[in-house]
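Being a predicted model, the structure only gives us computed values, none of them experimental.
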Amino acid sequence: MGSRLSEEQRRHFRATLEVRREAVAADIRAELARFDSQHYVDLAGQVGDLEDQALADLLVDENLAEIHRHVRDLRAVDAALMRLQQGAYGECVDCGEAIDPGRLEAYPTALRCIECQGRYERTHAHEGHPTL
């Protein structure tokens, strides 16, 4: 169906997404550096009991979850940039209607219009991912 965004809007969202991509990539690099500096072996090697080991495990899991979240964000930005390149950015993947530019401004990687997103969240709320 093709994007209904003006060329100016397309340039604006491309710039927004590219800035977001750089920020997320920097976040990933920072998390990896922090993770590397908190060597699990060092943490676990210093523990004296099971509670300390559990805390070390929790710290590692927290770092990995943060890295996973950043990677998921980076993939969403890359997918939005691909849709932009293909002329499908700003088009709802469910109904094909235009996504309101205000929604794209607030959430540049949006895949769905607000109505379809609400329906998606109601039907997929139990997949283990929070909807907020």
Side-chain angles (χ1 to χ4, degrees):
M1 184 174 252
S3 177
R4 298 180 192 124
L5 297 172
S6 70
E7 189 57 36
E8 183 179 332
Q9 287 173 314
R10 290 172 50 81
R11 279 193 303 270
H12 167 73
F13 287 119
R14 181 177 290 113
T16 299
L17 288 164
E18 287 171 353
V19 166
R20 178 69 185 141
R21 186 179 198 294
E22 286 303 314
V24 173
D27 289 343
I28 290 171
R29 286 189 297 272
E31 279 297 321
L32 287 172
R34 189 171 75 121
F35 181 73
D36 192 39
S37 71
Q38 291 181 346
H39 301 287
Y40 174 76
V41 175
D42 293 342
L43 289 171
Q46 297 173 7
V47 298
D49 58 28
L50 289 177
E51 289 175 0
D52 290 339
Q53 186 173 357
L55 179 58
D57 289 341
L58 178 66
L59 290 172
V60 168
D61 289 346
E62 182 181 303
N63 284 348
L64 291 175
E66 190 69 16
I67 291 168
H68 178 72
R69 185 182 66 78
H70 289 312
V71 168
R72 197 172 54 233
D73 289 348
L74 185 61
R75 287 181 180 153
V77 170
D78 284 342
L81 285 166
M82 183 63 73
R83 288 192 306 279
L84 194 62
Q85 181 180 357
Q86 295 170 343
Y89 181 79
E91 196 175 289
C92 178
V93 296
D94 290 346
C95 71
E97 293 298 317
I99 299 172
D100 183 84
R103 175 164 167 69
L104 291 172
E105 194 66 47
Y107 186 50
T109 59
L111 290 169
R112 296 174 181 81
C113 66
I114 197 74
E115 293 82 15
C116 290
Q117 184 65 36
R119 186 172 30 259
Y120 179 84
E121 288 182 8
R122 285 189 301 277
T123 59
H124 293 83
H126 300 291
E127 289 188 357
H129 302 288
T131 60
L132 294 177

Considering non-hydrogen atoms only, spot the tightest contact between [X] and [Y] and give its length.
X: T109; Y: R83; value: O-NH2, 3.4 Å
X: P101; Y: L5; value: CG-CD2, 4.3 Å
X: I99; Y: C92; value: CG1-N, 3.7 Å

Side chains of R10 and E7, heavy atoms from C-beta outward: is any pair under 4.5 Å?
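Yes. Closest side-chain heavy atoms under 4.5 Å.
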
Could you check whether any side-chain heavy atom of V93 comes within less than 4.5 Å of a side-chain heavy atom of R112, counting everything from C-beta outward?
yes

Is the backbone of P108 close enough, under 3.5 Å, to the side chain of Y89 for a donor and an acceptor to pair up by distance?
yes

Donor-acceptor check, side chain of Q9 to backbone of S6, threshold 3.5 angstrom: yes or no?
yes

Check this for me, if you would: do D73 and R20 make a salt bridge, where the nitrogen-to-carboxylate-oxygen distance has to be below 4.0 angstrom?
yes

How long is the gap from [atom1] on [X] to [atom2] on [Y], to the nearest 0.5 Å?
X: E97; Y: C116; atom1: CD; atom2: SG; answer: 8.5 Å
X: I28; Y: E66; atom1: CD1; atom2: CD; answer: 10.0 Å
X: E105; Y: T16; atom1: CD; atom2: OG1; answer: 6.0 Å
X: R75; Y: M82; atom1: CZ; atom2: CE; answer: 14.0 Å
X: H68; Y: E31; atom1: NE2; atom2: CD; answer: 13.5 Å
X: D100; Y: E115; atom1: CG; atom2: CD; answer: 9.5 Å

Considering residues at least two apart in sequence or located in another chain, which fulfil the side-chain hydrogen bond (donor to acceptor under 3.5 Å, both in side chains) criterion with R103?
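In terms of side-chain hydrogen bond (donor to acceptor under 3.5 Å, both in side chains), with neighbours along the sequence ignored, R103 is linked to no residue.
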
Name all residues meeting the side-chain hydrogen bond (donor to acceptor under 3.5 Å, both in side chains) criterion together with D78; count only those two or more places apart in sequence or in a different chain, and write none if there are none.
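In terms of side-chain hydrogen bond (donor to acceptor under 3.5 Å, both in side chains), with neighbours along the sequence ignored, D78 is linked to R21.
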
Hydrophobic cluster identity match, V24 and L32, side-chain contacts under 4.5 Å
yes

Applying a strict under-4.5 Å side-chain criterion to I, L, V, M, F, W and Y, I'd like to know whether L104 and L111 cluster together.
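Hydrophobic grouping puts L104 apart from L111.
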
Atom CZ of residue position R69 - does it have more than 12 heavy atoms of other residues, nucleotides or ligands inside 6.0 Å?
yes

Indicate whether any N or O donor in one side chain lies under 3.5 Å from an N or O acceptor in the other, for H12 and E8.
no

